[in-house]
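Working notes for the structure below.
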Number of protein chains: 2
Amino acid sequence: MKTLRVPEATVTRLSIYSRFLERLDKNGVTTVSSGEIAEGVGVSPAQVRKDLAYFGEFGTRGVGYNVKDLLKYTLKILGLDQPWSLAIFGAGNLGFALCTYRGFNIRSFHIAGVFDNDPTRIGKKIGNLEVQPLDKFPEIVKSENIRIGVIAVPVSAAQEVADLMVKNGLEAILNFAPVALNVPDHIEIRNVDLSVKLEILTFNLGFRAAQNL
Amino acid sequence: MKTLRVPEATVTRLSIYSRFLERLDKNGVTTVSSGEIAEGVGVSPAQVRKDLAYFGEFGTRGVGYNVKDLLKYTLKILGLDQPWSLAIFGAGNLGFALCTYRGFNIRSFHIAGVFDNDPTRIGKKIGNLEVQPLDKFPEIVKSENIRIGVIAVPVSAAQEVADLMVKNGLEAILNFAPVALNVPDHIEIRNVDLSVKLEILTFNLGFRAAQNL
DNA sequence: ATATATTTGTTATTATTTTCACATTCAGAC
DNA sequence: GTCTGAATGTGAAAATAATAACAAATATAT
């Protein structure tokens, strides 16, 4: 094993492998090969092995991987062996959906606060959470030890929210607003654009089809 | 201009450029350079020009690009110069959010049907849409000329829904369930995983930090 | 008209990522 | 013990993508 820069694509796949391993484990499967993982998530077996090789040797030649062990390792690598508190900004339809989304509430994630500036939304219950006004943010960041913020507000408010997050010491931002945000270099930021892949589909149905590619 | 395989990353960025151009146009900007686009969406100017070069020559040397024209071209390339009807499966929180999501209702997209198998959801109104039972799907696919399906159901039901979509002649699927679906080769399918990027953030805050990378 | 400042389109270069191929290792059968 | 079949880990090769660099083209000022 060598330690070098890990491609982000590798981390992406690791997250997917780990979810697949969770399912295997739940189904009582104890051993799995790179080929079976590959088949299960839609990549090549060599890719699976190469990805894992960035982090160590987890398998047994001639046998494969122990599901429980590999799951534990992948979770550890992803940083999911510790709890993470999230703050979600925006209690509209998307924010609401994210608050109840399984992926944001399982594993080590925990939504510690939902914020909105709309008086008609403040105080509303989402599960056992209550929508908070923005001015409660600094206090809750501290009390809940929040390091990651999620932006689910309209484009027009996104930069302002990002600034607020940075000002209050958050270290990472997951941005669902389709706009490039300006944040300092030390802030980890990733964008999730819900419609980009939809437009990849229309591109493929249209343009590519026309060219017979 | 040469015609060769267009990288998917290029199509992804094109979608982002086009949204940025829409904003410029709305703000009355008439001309833009590759550098300004790059700055606005967070890539390099060379990347912008390279991406556009796959499809033609749209700019004027020494000047830049005409915003309205380039917007029109990018929309055309993405297949957004024609209307697209969508079917959304799953009227839970995520399905609900997608039904009201701007990106799925602007440009040339139009949600032509929402389906669920839960009797407590069927008949409910989402905007001016009404949640339909699954058995209405074949009829609505035809009457609304639906070619793209969106999966917003739990993992346990996702494959079944995908099969139903394929059986009814849909050509493309946008899948929000975190599982690899099995579909015939001629079906265009893309997955949107809402929590993968969240786990990239925790990876970067944890593992990478530990290694000082 | 000419010179100058810009900015594109494109080729060459560099970097990154994926695939391939195989030696190595292990478990189990005999 | 030894042999056989299976699956890993990895270095080399191939494919892909991003960056850099620059000639070509255009508008503007003089």
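To find a chain, count down the sequence lines: A is the first, B the second, and so on, and within it residues start at 1. Because the structure is a prediction, the values reported are computed rather than measured.
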Ignoring backbone atoms, test whether B:Tyr65 places a side-chain nitrogen or oxygen under 4.0 Å from the OP1 or OP2 oxygen of C:dG9.
yes
Mind calculating the distance between CD (A:Glu36) and P (D:dA7) to the nearest angstrom?
8 Å
Nucleotides 17-25 of chain D: protein proximity per nucleotide (B base, S sugar-phosphate only, - neither; heavy atom, under 4.0 Å):
SBBBB--BB
Distance, nearest 0.5 Å, that separates CG of B:Leu164 from CZ of B:Phe89
5.0 Å
Just compare C:dC26, C:dT7, D:dA27 and give me whichever is closest to any side-chain atom of B:Val63.
D:dA27
Would you please name every residue forming a side chain to side chain donor-acceptor pair (under 3.5 Å) with B:Asn191, sequence neighbours left out?
B:Asn175
Between B:Ser34 and C:dT8, is there a side-chain N or O to OP1/OP2 distance below 4.0 Å?
yes
Sequence neighbours excluded, the answer for side chain to side chain donor-acceptor pair (under 3.5 Å) partners of A:Asp25 is A:Lys68
Would the number of heavy atoms belonging to other residues, nucleotides or ligands and lying under 6.0 Å from CD of A:Glu160 be above 12?
no
Should we count OH of B:Tyr73 as having more than 12 external heavy atoms under 6.0 Å?
no
Rounded to the nearest angstrom, tell me the gap between atom CG in B:Asn66 and atom C1' in D:dT26.
15 Å
Given atom OH of A:Tyr17 and atom P of D:dT8, what is their separation to the nearest angstrom?
12 Å
Roughly, in whole Å, what's the span from CG in B:Leu70 to C1' in C:dT7?
14 Å
Whole Å only: how far is the CD atom of B:Glu57 from the C1' atom of C:dT11?
14 Å
Tell me whether B:Glu36 at atom CD has more than 12 heavy atoms from other residues, nucleotides or ligands lying less than 6.0 Å away.
yes
